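Any value given below was found using the heavy atoms of this structure, including those in side chains, with hydrogens, waters and symmetry copies removed. Here is how names work: the chains are called A, B, and so on, in the same order as the sequence lines, proteins then strands, and each is numbered from 1. In this text the structure is predicted, and so the values were computed from the model without any measurement.
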Amino acid sequence: MIQFLLHVLVISSVTSCVTLGYNFVFGKGKILHFGQLVQTMVAAYGLWVPITQYGQPFFVGLCISISLLLIVTLLLSWLSMRLEPDGYGVLSIALHLIIIAIVLNWNSVTRGALGIPKIPRGILPSTTFGYAIVCVAVLAAWVFFLWRVDKGSFSRNLSALSENEWHAQSLGVSRARVHAIAFSIASGGSLISSILFSPYQGLLTPSDFHFPQMIFYVMCVVAGGPGKLWGVLGATTALVFLREGIRFVSISPSYIGPVQLLLFGAILFISVWIRRDTVFPKERKI
Amino acid sequence: MQLVINAFIAGSLAALIAGGLAFVYGILGVFNLALGQIALIGGYTTWWLYQVHSVPLPVSIICGMAFGALVSWLIFEVFINPFYKRHRFLPLVTTIALSMILDAVILMVFRERPRSILPGVKEQISGFGITISPVQIVMICTTLVFLFLLAYFLHSTSFGRKIRAVTQNDIAASSLGIRSGLMHRIIFIISGVLAAAGGIYIGIDTSLTPVLAFSLTIKAYAAIIAGGKGNIWGAILCAYLISLLEQFAIGVHWFGTFYISAGYQQTVALLVIILFLLWKPNGLFVSSSRKA
């Protein structure tokens, strides 16, 4: 039981880093972005492929990962400004599927569906207890950083843009700058998760990056309240606990996946139903 | 030549689904991300009636499409209607939730095993450098008949004119006494019937598996974006074009030696989406609404 709770703590801390970053794009910015896993995949493979496949030191892998992530972040940010919101939503799904097709088919580098085994933990603790403490500490630092950002002018600019783009721009809010920062924050969450998640599992596999995982992020943001830092943190923790806890329910293993899908689909729908006036709000009227 | 035939077979399926999707997007302005699941429901219902209960094939097919229509209507009432007038992006999220629920139901009821409606039919006809099965010829012809009937319904009946009026201007059509709410429902049900027909097509041509749904939806999106969002005929034409591109991309040895792995086949459709969104966001055949 203790081991399970520690495991949930690790997974929810790592997942929260991503969902809290994503919350700035989808929740606060109302940008219809379904490509968060593009950033996470690029960060993870950019980091661990040089280290495990080519014997590079961690620092080199990290530099490659950040460089690739920066390119992807700027690309996504640029695309989000160039396209209509629904067009961008579909494009981000398309980008996700393209990256996962590359990961699955570029066997010589990524080892395809088998994934990359023996991801080293390096200086990270070898016990689950130690790992959980590190993850919680990293999450606390990340939450503090995001809380400060949330209280700052950037957050107000992002909210203003999401509410009325033209009015916000007429007041001097730079859409390009705000979008670039929002996507950078989301990428930061992805990078932290890539550093912590794969060594914990000891494996980097494409099965962790399929579209249902993206929907899980959307669900965490919608259920927690779009744009709400503490709400998303709570929702992520609760939903990770639910997802991991389902494995212990006495049902046939072949039904666990479908039951998870059914449950999360229902939670997402109910969350949208409850928050149907705030997920994509209308303009404020005086 | 074989590649063109293959493209025609795959394109006929994509055209059915993309046509329905374009119809819904053009009028309601909403993306339905659960359309692939509706297609599978149509296919699986037909398989269940024909293979498990030995109902005659034509009756099974009609029942499969009718069930697709029923499910579409229920989806409209629960997942679309309460949301799309509040914000047109809300159905995008609700249909994602719906796609998860339907995926789960399909997995629990039909399991992951491939299910073929006509598993024993392997007969092939060869000639002029091409190979095609009689079933595939029937499927292509049936799709064309379907599309022809849809064109007739839309352009030569008073009901079709009402639908087109709602497409052009919802409010103006309502002021002329056309019940736009009813039209929206009918349009959504028609898209469900077309999708269910697509699912039956897959079940007869190859086999049905639960994982197909998402790729079907994305390919249909590629077609409607390339064809001009909301332009049903543009979407149908682009469905055939994208299938042709997919076949040529993986079927041709480029420069004599280089070839693209079959694993990247779906990527072609996705690249089409991206290229069109970047360089021609309105698509090839933009439908413009009349101005007063």
Side-chain angles (χ1 to χ4, degrees), chain A residues 26 30 32 34 78-79 82-102 104-107 112-113 210-212 214-216 218-219 221-222 252 254-255 257-273 275-277 279-282, chain B residues 25 29-31 33-34 78-79 82-83 86-109 111-112 210-211 214-215 217-218 221-222 224-225 229 260-279 281-283:
Chain A
F26 180 75
K30 311 291 177 201
L32 219 53
F34 298 116
W78 176 67
L79 291 173
R82 188 173 156 77
L83 300 172
E84 282 180 37
D86 50 356
Y88 176 74
V90 174
L91 179 134
S92 61
I93 296 174
L95 265 179
H96 171 236
L97 296 177
I98 287 175
I99 299 290
I100 206 151
I102 292 170
L104 283 169
N105 289 289
W106 200 3
N107 284 307
H210 283 300
F211 199 65
M214 182 63 233
I215 302 308
F216 187 78
V218 174
M219 190 167 55
V221 172
V222 175
S252 162
S254 62
Y255 279 106
V259 168
Q260 277 183 338
L261 277 174
L262 194 64
L263 192 65
F264 291 147
I267 291 172
L268 180 58
F269 176 69
I270 292 165
S271 307
V272 177
W273 180 280
R275 300 187 189 285
R276 58 190 184 277
D277 290 323
V279 175
F280 297 108
K282 290 174 182 163
Chain B
Y25 185 81
V30 299
F31 277 117
L33 281 179
V78 179
F79 289 86
F83 300 99
R86 286 172 188 270
H87 201 293
R88 71 188 186 95
F89 298 154
L90 278 174
L92 192 67
V93 186
T94 56
T95 54
I96 285 177
L98 172 67
S99 70
M100 291 169 81
I101 293 168
L102 292 180
D103 269 341
V105 172
I106 290 169
L107 272 168
M108 283 197 270
V109 176
R111 319 304 295 265
E112 283 186 72
V211 293
F214 195 60
S215 58
T217 312
I218 288 298
Y221 273 118
I224 68 163
I225 286 168
K229 284 184 258 181
I260 297 172
S261 158
Y264 289 109
Q265 185 172 9
Q266 196 193 341
T267 310
V268 174
L270 301 172
L271 281 173
V272 169
I273 293 184
I274 291 174
L275 291 177
F276 269 100
L277 280 173
L278 287 178
W279 282 286
N282 293 324

Next on the checklist: Just verifying a value: how many Å separate L261(A) CG and L102(B) CG, rounded to the nearest 0.5 Å?
Outcome noted: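 CG of L102(B) is found 10.5 Å from CG of L261(A).
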Answer with side chain, backbone, both or neither: which region of [X] has an atom nearer than 4.5 Å to a non-hydrogen atom of chain B?
X       : result
F264(A) : both
I215(A) : side chain
L104(A) : neither
L262(A) : both
I102(A) : both
F34(A)  : side chain

Item to check | Proximal component of I101(B), with respect to chain A [non-hydrogen, under 4.5 Å] | outcome: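 Both parts, backbone and side chain.
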Item to check | Residue L92(B) versus chain A: region with a heavy atom under 4.5 Å | outcome: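 Side chain only.
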Next on the checklist: Quick one, Y221(B) and I93(A) - any side-chain contact, counting heavy atoms below 4.5 Å?
Outcome noted: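 A side-chain contact under 4.5 Å is absent here.
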Item to check | Contact leader toward chain A among I96(B), T95(B), L107(B), where contacts are heavy-atom pairs under 4.5 Å | outcome: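 The option with the most such pairs is I96(B).
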Checklist entry - Who passes side-chain hydrogen bond (donor to acceptor under 3.5 Å, both in side chains) against R111(B), sequence neighbours left out? => result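 R111(B) satisfies side-chain hydrogen bond (donor to acceptor under 3.5 Å, both in side chains) with S254(A) once adjacent residues are dropped.
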Checklist entry - Nearest heavy-atom pair of A97(B) and G265(A): which atoms, and what distance? => result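 What the structure gives for the nearest pair is CB-O, 3.3 Å.
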Next on the checklist: Holding to side chain to side chain contact (heavy atoms under 4.5 Å, CB included), I want the full list of residues that pass it with W273(A), two or more places apart in sequence or in another chain.
Outcome noted: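 Per chain and number, W273(A) pairs via side chain to side chain contact (heavy atoms under 4.5 Å, CB included) with F269(A), R276(A), P82(B), F83(B).
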